[in-house]
Amino acid sequence: MPSEDLKFNSSDINVLDLEWTVQFEDGHTELVHLQHSYNGEKGEIFIYSANIPEHLRNAIHIRIRSSMQKIQVYLNNGLVFDNDILKNDGPFYAPVSSTWYFIDLSVCDEGCEIKIVNSSEVRTMSGSLNEIYFGSRGDLKNDILLSNLLNLFFVFSIFIISILGFVVDFLLKNESKRLMHLNVFFMSISIWAFSELNVLQFVTGNRFILGSISYLLIPVMFISFIQFIKTVSLDKYEKLINWISLGYLLYFLFDILSAIFLNLNHFENMIYVVIYSIVVVIGLFFLILYDAFINHNYESMRYLAAISILIISTIFTIVRVLYNNIHDMADGMLICLFVFFIYLIYDTIQYLKRILRLEAEALYIKECCV
């Protein structure tokens, strides 16, 4: 049936495509367009300024993405926004986070100039300023969700699968921890991906969660995955796997305590877990390879594919981090993980079929004996 178009859209969202003057600490200036990045040093201050056109001065908002940066926004030299928070009313340091901010431009009048003072204690992020969008506050928020719909569908699908997996594991009352480890892995991956899609602020505004959760979930993901691999094919190497898991647990404690009490940021701490994970993933690959072809372990042969996908995904992420492609890192990871999850879900379905068939056979034998 014909109808008017009632679909939500973000057609009123536009990039604030202005010519910005960048002032450096030594006083010299350059003209740039956003998104723009310089290889700045830690704490180096960059001042971006531009004149706002007259047609944009009537009660609109701009949306800025702070990538682990301190940002101050001035309109006609009057401070209207400052996110510089170091401690949160106590002895704890607040972690730096990548966060959306909405700035009201309704105070602008004729001759309005915007100035953004930008710095970061994370060297990779120092000197960069993301694209700025303008529109109504509601449209700017909707645009964040609409631009992530496909990824959100994938993330929520994995989260729901993990919940269903916990229910199935509880109902089967199986002594094997295989499903439990796999469900923890699925759930941690889904929450990590959700936080990397830049939509976590729709759920919480807590700076500690926004700035920490994606980093703290990395050791959780690896612990649950290698414990899963242990239960399905490497049970004879239980002590080794448990020692590897202990390494991730120690990193988890170091990362959270050093960030809260010593003001060491998660992003730069991540180099330790990245190096450790490279060694672990490659080591697991060769261990499974050895177990498959030397010990003729059929289960290990089947999981060579899974661990190979994890290696590709890990290397892909590391390369993007090294080349400073942080902002769309989750998109690339989700491509690799999609194939990975399809394989694991298929394998788990086959495992559940075997469990149910064995239980049915056991029940049949019991009834025949009676």
Side-chain angles (χ1 to χ4, degrees), residues 158 161-162 165 176-193 214-255 269-322 329-330 332-351:
I158 296 301
I161 288 171
S162 69
S176 172
K177 295 182 179 180
R178 170 181 179 150
L179 277 180
M180 184 194 73
H181 294 312
L182 185 61
N183 293 329
V184 172
F185 178 67
F186 277 12
M187 181 170 286
S188 58
I189 280 284
S190 64
I191 297 174
W192 172 85
S214 60
Y215 301 100
L216 297 179
L217 281 172
I218 292 174
V220 176
M221 290 187 289
F222 275 98
I223 289 173
S224 56
F225 178 74
I226 62 177
Q227 288 294 325
F228 168 73
I229 291 294
K230 180 188 75 176
T231 60
V232 296
S233 66
L234 298 178
D235 54 311
K236 64 175 68 67
Y237 305 105
E238 180 177 5
K239 286 187 178 180
L240 174 62
I241 299 297
N242 289 341
W243 277 108
I244 293 173
S245 298
L246 179 62
Y248 280 110
L249 179 60
L250 292 175
Y251 169 79
F252 177 91
L253 295 174
F254 160 76
D255 191 34
N269 282 347
M270 192 171 63
I271 184 63
Y272 304 117
V273 76
V274 166
I275 294 173
Y276 185 66
S277 297
I278 292 173
V279 175
V280 167
V281 171
I282 294 176
L284 280 177
F285 175 77
F286 284 106
L287 186 61
I288 292 176
L289 198 67
Y290 173 84
D291 200 51
F293 294 101
I294 303 300
N295 296 335
H296 305 290
N297 187 335
Y298 173 73
E299 292 295 324
S300 292
M301 290 182 185
R302 293 196 303 114
Y303 279 93
L304 271 176
I307 197 71
S308 298
I309 295 171
L310 185 64
I311 289 174
I312 293 171
S313 180
T314 303
I315 293 174
F316 183 86
T317 304
I318 292 168
V319 169
R320 296 191 74 81
V321 170
L322 292 177
M329 181 176 66
M333 279 288 289
L334 287 174
I335 295 172
C336 297
L337 291 173
F338 177 76
V339 181
F340 183 65
F341 282 129
I342 293 298
Y343 179 85
L344 288 183
I345 290 170
Y346 170 79
D347 182 74
T348 301
I349 291 173
Q350 298 304 312
Y351 168 74

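Taking all atoms of both residues into account, the shortest heavy-atom contact from Y276 to I244 is OH-O, 2.9 Å. Between F186 and I158, the shortest heavy-atom distance links the atoms O-CG2, 3.4 Å. Nearest heavy-atom pair across D255 and Y215 is OD2-CB, 4.1 Å.
For the atom pair L284 CG and L289 CG, the distance stands at 12.0 Å (nearest 0.5 Å). To the nearest 0.5 Å, atom CZ of residue F285 and atom CD1 of residue I282 are 9.5 Å apart. Taking CG from L287 and NZ from K236, the interatomic distance works out to 9.0 Å, rounded to the nearest 0.5 Å. Atom-to-atom distance recorded for S190:OG and F185:CZ is 10.5 Å, nearest 0.5 angstrom. With rounding to the nearest 0.5 Å, the separation of NE2 in H181 from CG in N183 is 10.5 Å. For the atom pair OG1 (T231) and CD1 (I241), the distance works out to 10.0 Å, reported to the nearest 0.5 Å.
Looking only at side-chain heavy atoms (C-beta outward), N269 and Y251 come within less than 4.5 Å of each other.
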Under 3.5 Å, which donor-acceptor pairs do the side chains of residues 219-228 form with other protein atoms, sequence neighbours left out?
{"unit_1": "S224", "atom_1": "OG", "unit_2": "V220", "atom_2": "O", "d": "3.0"}
{"unit_1": "S224", "atom_1": "OG", "unit_2": "M221", "atom_2": "O", "d": "2.9"}
{"unit_1": "Q227", "atom_1": "OE1", "unit_2": "K230", "atom_2": "NZ", "d": "2.7"}
{"unit_1": "Q227", "atom_1": "NE2", "unit_2": "N242", "atom_2": "OD1", "d": "3.2"}
{"unit_1": "Q227", "atom_1": "NE2", "unit_2": "S245", "atom_2": "OG", "d": "2.8"}

